[in-house]
Amino acid sequence: MLFTILLILAGLTWGLSMWGWAWGQRSGGGVGGRGGFSAPRSLPSVPRVNPAPTPSWPLPTPTYPSPRPPIYIAPGTGPSRGFDLVALLLIGGIVLLTLYMVRGLKRAGTGDEEATVARLRLAILYSPTLQQRLRRLAEEADTESVRGLADLVDNAAVLLLREAPGWRFGQYEVWQGPLEEAEGRFDAWMSETRAEFVETFQHFEGRKEVHNDYRPQAEPDGRYILATLLLAVRGGLPSVPTPLRREGAKAALLALTTSSPTNTLASYLAWTPEAPGEALTEGELLKGWPQLELL
């Protein structure tokens with residue numbers, strides 16, 4: 001009985017290891033950060049209003065001129081005479097404007113701001129040059145500033161646009177919702193992406209890790225590199241046509257490049273395989289990422 005249980009456990013262990021090797025155990029690299037979520041949010045600027053000088057001339061009345069003495073509005077002088085209708089309207093307008101501005105500031109501080117998280121995957125024909133350029137981009141990226149994270153998206157998009165003739169499959173996902181939930185969505189998609197390969201290189205928020213103990217698994221029919229670009233921004237992003245196709249993939253890359261240091265919250269670039277000479281077969285690609293569309 002014990003021997004049978006041991007055999008079953010051994011079989012399950014072997015099966016799980018073979019399943020992991022079958023689709024998610026190629027090498028991979030990643031670079032990025034999420035410093036924009038911790039950056040202080042700027043409240044909308046309030047226009048400066050310079051008060052008009054206190055009028056010192058008589059205010060007109062419906063029957064002006066009239067035998068009634070003129071009314072002067074000058075603080076601290078003369079007896080109390082009340083306010084004319086025009087003065088009451090003026091003061092009422094100032095009060096309403098002040099209440100409107102205060103309400104706007106409170107609304108800005110309650111977390112009603114919207115955010116967008118987008119993820120683009122592109123399966124590209126393998127080339128050693130592309131693999132090297134992705135690694136170099138990841139090595140040199142500034143992952144500790146919001147500007148650096150925005151530049152990472154721009155530089156990655158330019159690199160991938162130059163590889164357009166080699167695009168074969170793609171996938172584009174967009175999530176929109178409250179700013180408070182955007183970081184969780186970004187982290188979930190980033191963790192899912194990282195779990196799809198063995199991390200042999202990682203550069204995240206200034207910290208670099210290189211694992212040289214990985215043994216490349218070169219396949220004679222390996223043909224693809226899969227690049228994944230993740231972005232979180234305040235507000236929205238331009239719409240992308242569906243189904244994706246080649247023009248849609250280009251539109252998605254250009255939509256991601258509309259981000260800037262003022263609205264970027266987080267960005268992450270990943271690619272697999274990362275080890276030189278290693279490439280994904282088409283079977284591995286379609287089994288590991290069945291949502292990919294043919295471009």
Side-chain angles (χ1 to χ4, degrees), residues 18-30 32 116-135 137 153-176 185-186 188-198 216-231 236-259 267-275 277-295:
M18 289 301 295
W19 176 83
W21 178 86
W23 79 273
Q25 294 302 311
R26 295 291 180 180
S27 61
T116 301
V117 183
R119 177 168 64 176
L120 174 66
R121 299 187 191 275
L122 283 175
I124 309 168
L125 291 178
Y126 169 83
S127 75
T129 302
L130 173 59
Q131 213 171 33
Q132 293 165 7
R133 287 175 177 170
L134 287 167
R135 174 65 179 266
L137 174 60
V153 174
D154 291 344
N155 294 332
V158 170
L159 175 58
L160 296 176
L161 283 168
R162 289 172 178 165
E163 298 293 329
W167 296 350
R168 290 299 180 268
F169 300 91
Q171 179 191 9
Y172 186 62
E173 304 166 88
V174 177
W175 174 93
Q176 288 183 306
R185 172 58 60 178
F186 179 87
W189 278 359
M190 182 174 65
S191 296
E192 182 183 25
T193 301
R194 294 177 61 192
E196 294 167 350
F197 48 77
V198 177
Q217 304 171 24
E219 292 285 344
D221 55 345
R223 299 180 56 196
Y224 300 99
I225 289 178
L226 180 68
T228 303
L229 191 55
L230 260 168
L231 173 67
L237 291 170
S239 60
V240 173
T242 55
L244 197 60
R245 302 296 182 261
R246 187 170 295 270
E247 288 303 314
K250 181 179 179 180
L253 279 172
L254 294 178
L256 296 178
T257 62
T258 61
S259 62
S267 66
Y268 189 74
L269 168 67
W271 72 99
T272 181
E274 194 274 329
E278 198 176 51
L280 292 169
T281 67
E282 188 163 311
E284 289 174 324
L285 186 71
L286 299 181
K287 185 176 182 180
W289 296 271
Q291 296 83 10
L292 289 174
E293 302 177 38
L294 181 65
L295 301 180

Exercise for review: Of all the heavy-atom pairs spanning G277 and Y126, show the shortest one and how long it is.
Suggested key: N-OH, 3.3 Å

Check your understanding: Should T272 and E196 count as side-chain neighbours, where that means a heavy-atom distance under 4.5 Å?
Key -> no

Check your understanding: Any sub-3.5 Å donor-acceptor pair from E278's side-chain atoms to S27's backbone N or O?
Key -> yes

Check your understanding: Can you find a heavy atom in the side chain of L122 that is under 4.5 Å from one in the side chain of L229?
Key -> no

**Study point:** Non-hydrogen atoms of G170 and L295 that approach each other most closely
**Key:** N-CG, 3.7 Å

Exercise for review: Taking the side chain as every heavy atom from C-beta outward, state whether Y268 and W189 have any pair of such atoms under 4.5 Å apart.
Suggested key: no

Point to revise | Nearest non-hydrogen partners of L286 and F169, listed with the distance | key: CD2-CE2, 3.9 Å

Could you list the donor-acceptor pairs under 3.5 angstrom formed between side-chain atoms of residues 221-228 and any protein atom two or more places apart in sequence or on another chain?
residue	atom	partner	partner atom	Å
R223	NH1	E282	OE1	3.4
Y224	OH	E282	OE1	2.7
T228	OG1	R121	NH1	3.2

Practice item. Check the surroundings of atom CZ in R135: do more than 12 heavy atoms from other residues, nucleotides or ligands lie under 6.0 Å from it? Key: yes

Check your understanding: Rounded to the nearest 0.5 Å, how far apart are CG of L269 and CG of L159?
Key -> 8.0 Å

Point to revise | Donor-acceptor contact present, side-chain Q131 to main-chain A275, <3.5 Å | key: yes

Review point. Should E274 and F197 count as side-chain neighbours, where that means a heavy-atom distance under 4.5 Å?
Key: no

Can you give each donor-acceptor pair under 3.5 Å made by side-chain atoms of residues 236-255, sequence neighbours left out, with the distance rounded to 0.1 Å?
residue	atom	partner	partner atom	Å
R246	NH1	A164	O	2.4
R246	NH2	W167	O	3.0

**Study point:** Spacing of M190 atom CE and R119 atom CZ [to the nearest 0.5 Å]
**Key:** 11.5 Å

**Study point:** Spatial distance of atom CZ (R133) from atom CG (L160) [nearest 0.5 Å]
**Key:** 11.5 Å

Point to revise | Sequence-distant partners of S127, side-chain hydrogen bond (donor to acceptor under 3.5 Å, both in side chains), two or more places apart | key: none

Revision key, fill the gap. Distance col, row N155:CG vs L134:CG, nearest 0.5 angstrom, shows 12.0 Å

Exercise for review: Report the distance from atom CG of L285 to atom NZ of K287, rounding to the nearest 0.5 Å.
Suggested key: 13.0 Å

Check your understanding: Are W271 and L137 side-chain neighbours, meaning at least one heavy-atom pair lies under 4.5 Å?
Key -> no

